[in-house]
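Quick note on labels: first sequence line is chain A, next is B, and so on, each numbered from 1.
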Amino acid sequence: MRTDPAVTGGPGVRHRISELLGSRVRLPDGSCPGFVNEVRLAGGPGLQSYVVDGLVVGSRVQGSMLGYDRREVLGPRVLRAVVRLVNRDLSYAPWASVRRIDWDERVVEVERLGPLTDERAPR
Amino acid sequence: MKKIFAVALGILTAIGGFVDIGDLVTNALVGSRFGLSLAWVVVVGVIGIVVFSEMSGRVAAISGRATFDLVRERLGPRIGLANLLASMGVTFLTFIAEIGGVALAIEIATSVNEVLWVPVVAAALWIVLWRVRFSVLENVFGLVGLALVVFAVALWKLDPDWGALWAQVTSFSPGADNTWTQYCYYAVALFGAALTPYEVFFFSSGGVEEHWGEKDVGTMRLNVFLGFPLGGALSLAVAAVTAVVFLPAGVEVESLSQVPLPVAIALGKIGVAIALLGFFAATFGAACETGLSVGYSIAQFYGWSWGKFVAPRQAARFHAVILLSTLVAVAVLLTTVDPVAVTEYSVVFSALALPLTYLPILVIANDPDYMGERVNGRLANVLGSVYLVVILVVAVAAIPLMILTRGGQ
Amino acid sequence: MTARALRPDRSRWRAAVLAAAAALTASACATPEGDPSLYRDEAVSTTKAAHSSVATVAIVLRTRLRDLTFGRAADDAVSTAETSLTSTAGTFEGLQPPRGADSVRRQATQLLSDAEDAVAAARIAVRRDDRAGMRAALVAVTRSADALDKAPETLP
Amino acid sequence: MPGRDEPGFRRQYDAELHLLDRQIVDRDGRPVAKVDDIELAVRADGRLAVAALLCGPGALGPRTGGRPGRWTTAIWRRLRTEEDPQPGRIDAALVTGTDNAVHVSASADELRVDGLERWVRHYVVDRIPGAGHAD
């Protein structure tokens, strides 16, 4: 899958992942469903071959599932339930739906949002 | 004999949580004011620290990660830093108090003012932390600290009215001369001391120092299940003898020099000598525990090389932190501040440090990425969740209670 | 529970800390001048604290006389109790008594200075390891402890 | 890949959960630094690829944010001699795998991301007798 380099800035340009985390997410209709809470990487072999696979979007500036989004992390049930409740609005923007990243304004323009799936769930 | 040394880490860790200088005086004070009516708090505290130390020790044994690694990994740099500062508030204030406490113990034996002993004690402590092997340190101070068992012997020898003591244990009320707010303040203080965060920092880092692996989980559990109940029992013995001797006499304990008096009455000079040895070893051991914990936490938060299992030059920043804390502690103590009073302020920092330390332990002890098959069982999770709630309640209540009671007066 | 989402409102937090510090300072410094009954309460709590120090000294003297503890340990315990007593008494004597409370002040001050005298005598005897002196001091210390213990009733 | 199996790579990484704030361990198993930030580079095909791990106060300060973060960054700038100091950087190609730590194929001395450690070792610790003595 090729992406127009204009999406992310010119080739070779370097950014920190922390600039992406917390960025505002904007949909084509101008609405803002939330902020980048997590950056999912995929690829390999070798860490240098991993690329951004998509962005986890949540309604707060920062948020963490503390690992409870994965199906194998079970207990304690109460804590898992609370974390899931607090983060029930999380959604996923796969890389193909990212139209543009404005690094200066910290805004990510996204075509559409999909449901957040367990990373180990079959696709 | 080898078995005894195997549990020295647990014993030394527990000494720092239950019978360090602040706890010795607080337990004696509580005994002299409230009798044994707060004994249940120590029991509740022991169960809590057992639950979380077992988790942190298991994480250390299985994944090789000590507790402040977990704090940073699950809470991130911002809240992790808040916890680092709060935990350092507790640990460093206690470290200062322990150096003063060792000096006080020597003062009782020599009647030379403690302030004069402070530089000597600090120098000896620093040499131990710089040069002495971890295993020697835990064996010597952990096991000699057990001399405090003399308080239990003294209790038996005093042969009190056991029925009356048991009535105090089951009264769950502050008694005539105290208010409920004072009772709650000391309940919170005792609970906070039992779960003081440097115990898990020290225990988990000590496990890494001892190269625990998956096969050592059994040894680790032995440390937890023997060490902490023993520490709790020692602190209860101190409270019990003061309840027997001082409560009827209308004496409120306020200094370490009063604490050996019940032992003197029961056992005479031999008892006093053993008690003083116990004070010395327990406070020196607690000084080692807190001094190393300051280094462990900062190094683990920033990812520095740490530990006594490598040469100091391989962990330069870690040893620089320990040296610097020792120097600052001496400077503070030379202002002639009362070392015991110093520990009272650490309650404030516990309010933030306790929840932010035990939450990440509970979360990671459930994460198969770290733990594989050895994730928490149901019992650990139920107890861990209940205690997390209790810790939150205590954290919220601590500072208002301290203000309302003017620090327990 | 998502810890990273906890964003403390810094200004509010700081205000709370300042308020707490102010409350702590205010409560620590509040002097009961003005109301005679508050002054009497202060006298009672002072004599209670003084009683604790004096009773400690009595226990030390008894253990030392029966040779149950070391001279240096006994010396240290008595000296620490004396320091504490002096500071307790000094704090009370520094208070401005309200009008109509002079008799409370006179009696409490008398009790405190008797206590200080008895404890000083005990310290001198213990440090000299003078057994006759210790016995004499024990009588004075016990008498002072009893008087302080009864202060809540005897103070006017 | 739990526990102490051979470190390898995950199929996917959640950057914050699996990489950020993890311990970096050198080829001798010695702690070097934390993953304080991750550098992404725009590839020719426009995708963002992991280029390097960033470590030290210069990377941690901006991530901490607020006053503590600004102070961290400011103190770090003061202590550096360069005009425009950059945080420690470990090329992604050096990473040999991850478990609950991030393993790299170089030694701590070759990585040269711990300037303060070397400064303290040289000027403080090495001057005290017994500095080279391990347990």
Nearest 0.5 Å please: distance from the CZ atom of Arg14(A) over to the CZ atom of Arg89(D). 5.0 Å
Among all residues two or more places apart in sequence or in another chain, which pass the salt bridge (charged side-chain N to carboxylate O under 4.0 Å, His left out) test with Asp89(A)? none
Can you tell me how far apart CZ (Arg10(D)) and CG (Leu41(A)) are? Round to the nearest 0.5 Å. 11.5 Å
Distance-only donor-acceptor hits, side chain of residues 73-80 of chain D, under 3.5 Å, sequence neighbours excluded:
from, atom 1, to, atom 2, distance (Å)
Thr73(D), OG1, Gly69(D), O, 2.8
Arg80(D), NE, Glu82(D), OE1, 3.3
Arg80(D), NH2, Glu82(D), OE2, 3.0

Specify whether Tyr50(A) and Tyr13(D) have parallel, tilted or perpendicular ring planes, treating 30° as the upper limit for parallel and 60° as the lower limit for perpendicular. perpendicular
If every non-hydrogen atom of Asn37(A) is compared with every non-hydrogen atom of Glu16(D), which pair is closest and at what distance? O-OE1, 3.2 Å
With sequence neighbours excluded, residues passing ring-ring contact (aromatic ring centres under 6.0 Å, His included) with Trp71(D): none
Strictly less than 4.5 Å between heavy atoms, which residues of residues 24-40 of chain D line up against chain A? Please order them by number. Asp37(D), Ile38(D), Glu39(D), Leu40(D)
Proximal component of Leu94(D), with respect to chain A [non-hydrogen, under 4.5 Å]: neither
Heavy atoms of other groups near Arg77(A) CZ, more than 12 under 6.0 Å: no
If you compare all heavy atoms of Arg16(A) against all heavy atoms of Pro62(D), which two are closest, and at what distance to 0.1 Å? NH1-CG, 3.8 Å
Evaluation steps, side chain to side chain contact (heavy atoms under 4.5 Å, CB included), between Val51(A) and Val50(D): CA-CA 6 Å; Val51(A) 293; Val50(D) 175; over 6 Å; no
Checking the side chain of Arg47(D) only, and the main-chain atoms of Val52(A) only, is there a donor and an acceptor separated by less than 3.5 Å? yes
Heavy-atom pair with the smallest gap, counting every atom of Leu17(D) and Glu38(A): N-OE2, 3.1 Å
Heavy-atom closest pair (Ala42(A) atom, Gln12(D) atom, distance to 0.1 Å) is CB-CG, 4.2 Å
Out of Val56(A), Leu20(A), Val39(A), return the one with the most heavy atom pairs under 4.5 angstrom to chain D. Val39(A)
Compare every heavy atom of Ala92(D) with every heavy atom of Leu47(A), then report the nearest pair and how far apart it is. CB-O, 3.8 Å
Greater than 12 external heavy atoms within 6.0 Å of Arg26(A)'s CZ: no
